[in-house]
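What follows is one structure encoded as structure tokens, with my remarks underneath.
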Amino acid sequence: MNHILRKLIVITSFCLASSLVVAQEDKALNLDALLKQLEQGQFEQNKQNVQREKEFAAKRSQQDQMLAQAKQTRNATLATSERMETQFEENEFKLADLNGALDKRLGSLKELFGVLQQVSGDTKSKFQNSIISAQIPGRAEFLDNLAQSMGASSKLASIEEIERVWFEMQREMTESGKVTTFITDVIEAGGKKVSKEVLRVGPFALAADGKYLDYNGTTGSIAELVRQPAGRYGDSAAQLQQSSGALIEFGLDPTGGSILKLLVQAPSLKERVEQGGTVGYIILAVGLVGLLIAVWRFIALFIESAKVNLQLKSATFKDNNSLGRVMKAKDDYPEADIEALELHLTEAILGEVPKLGRSLSIIKVISVVAPLMGLLGTVSGMINTFQAITLFGTGDPKLMAGGISTALVTTVLGLVVAIPMTLLYAILNTRSKSIVYILQEQAAGVIAERAEAHSAAANKNEKA
């Protein structure tokens, strides 16, 4: 150790001497001064080395002391670990004995509490989704807490908790048969929360102000359905809410709202018509024109038929009806022979036929064109649907079904227009022909009367 220190001293001294030479190269030093400086540097270095050796020795003893303390701590910790492990094993044996004693004392009660835990969990999920919880909140939380506490620990349910589980189940059955009202907050379709009187029909439906409501069991909130079912269902809800005990027909959803949600998704009549697009609107416009023409001709033929019937009862021929105008040919040509009178009467009848059958051909054309236009809209819609399938594939069956359904709307509209137009044309054509038959019948009678008169005159002349 001392040999190494001496080498270090020599090297250090040489370095110091070199540095002094470089630092004082501007000064002219003699050999005696240089030797004196080296002796002083060596003395200082020896002094520093002695001090360092003392510090090293002091720290070494301190490290030995710390090592001894660490060993003592380790030994104490090992002893504590062995003692605690022994105690843990003893506690395990005691715990097993206590559990065995508990199971023995519980006996059939253990199975009872297991069933109670299962029933609490199942009933909790039913209560959470039941609309009765909108009126009686907090039931699901109690059952959930009870089931979790019984499953997470060995804690047994108290008599009060068991009785409350029975009470909540009995209350659910009792409330399921009641139609009642209560005040609560309702979220309207616009997002505003308003306190309203809500009608509850057993566990089937909620309604307020004639509108059906939806209960969210997760958040416990009540909101109006954005889309309401058909008008008759809303009317029955309003009548039931205003009823004082009378029997009201009301639509129930035994599925808990699934059928109601599907019902409100069904498109209304207006939406169905809008699905037909431009072709659908054209079909309806043509049908409306045909209907107006049919109403006009029905009124005109009805009035004309009434006038003809009055003319049949009168001996004076009038110009305000077709029969009177036809019969005036008899008075206009009193001396005409039978053939000439027949031609005049036929001419008069042919002049009345176009008036009686006016615009009926338009109704007939509409009855034929409407389904063809519907077929055109269907073909166009199917082309668009298959183009969408080509672009996006057949991964979504609802897309295909929706496109085909929309395409078929125009066919339905065409048939809706064509069928009434066909019936109206048949009715109006029959009424028009019935008037024409009366004209022909009366004309034939006039001809027969004229023929009898000529025959009687001829016989009289022969006798004379």
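Index from 1, following the sequence. Below, all heavy atoms of this structure are taken into account, side chains as well, without hydrogens, waters or symmetry copies. Note that this is a predicted model, so its numbers are computed, not measured.
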Pair E141-N145, side-chain donor/acceptor within less than 3.5 Å =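 Looking only at side-chain atoms, N145 and E141 do not form any donor-acceptor pair under 3.5 Å.
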R139 and S133 side chains, donor-acceptor separation under 3.5 Å =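 Distance-only check passes for S133 and R139.
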To the nearest 0.5 Å, tell me how far M84 CE sits from N91 CG.
->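 Rounded to the nearest 0.5 Å, the CE-CG separation comes out at 10.0 Å.
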Kindly indicate whether the side chain of [X], heavy atoms from C-beta on, has any atom under 4.5 Å from the side chain of [Y].
{"X": "V417", "Y": "L413", "value": "no"}
{"X": "T184", "Y": "F182", "value": "yes"}
{"X": "F127", "Y": "I132", "value": "no"}
{"X": "V198", "Y": "I183", "value": "no"}

Under a 3.5 Å distance rule, please check whether [X] uses its side chain to pair with a backbone N or O of [Y] as donor and acceptor.
{"X": "R200", "Y": "T181", "result": "no"}
{"X": "R297", "Y": "L356", "result": "yes"}
{"X": "T123", "Y": "S120", "result": "no"}

Is the shortest distance from a Lys or Arg side-chain nitrogen in E168 or R171 to a carboxylate oxygen in the other one below 4.0 Å?
->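 Judged by the 4.0 Å cut-off on N to carboxylate O distance, E168 and R171 do form a salt bridge.
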Pairs in or reaching into [range]: which pass side-chain hydrogen bond (donor to acceptor under 3.5 Å, both in side chains), with residues at least two apart or in two chains?
{"range": "residues 73-84", "value": "none"}
{"range": "residues 356-378", "value": "T378-T410, T378-T411"}
{"range": "residues 299-311", "value": "E304-S322, Q311-N321"}

Side chain to side chain contact (heavy atoms under 4.5 Å, CB included) partner of E352, chosen from V326, I435, V436, L323 |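 The single option meeting the side chain to side chain contact (heavy atoms under 4.5 Å, CB included) with E352 is V326.
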List the steps and the verdict of salt bridge (charged side-chain N to carboxylate O under 4.0 Å, His left out) for K126 and E172.
-> CA-CA 10 Å; K126 293 181 180 179; E172 176 75 11; over 6 Å; no
R431 charged N/C atom sitting above F302 aromatic ring, 6.0 Å / 45° |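 No, R431 does not sit over the ring of F302.
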Show your working on salt bridge (charged side-chain N to carboxylate O under 4.0 Å, His left out) between K196 and E188 and close with a plain yes or no.
-> CA-CA 10 Å; K196 293 184 178 181; E188 295 182 341; 3.2 Å; yes
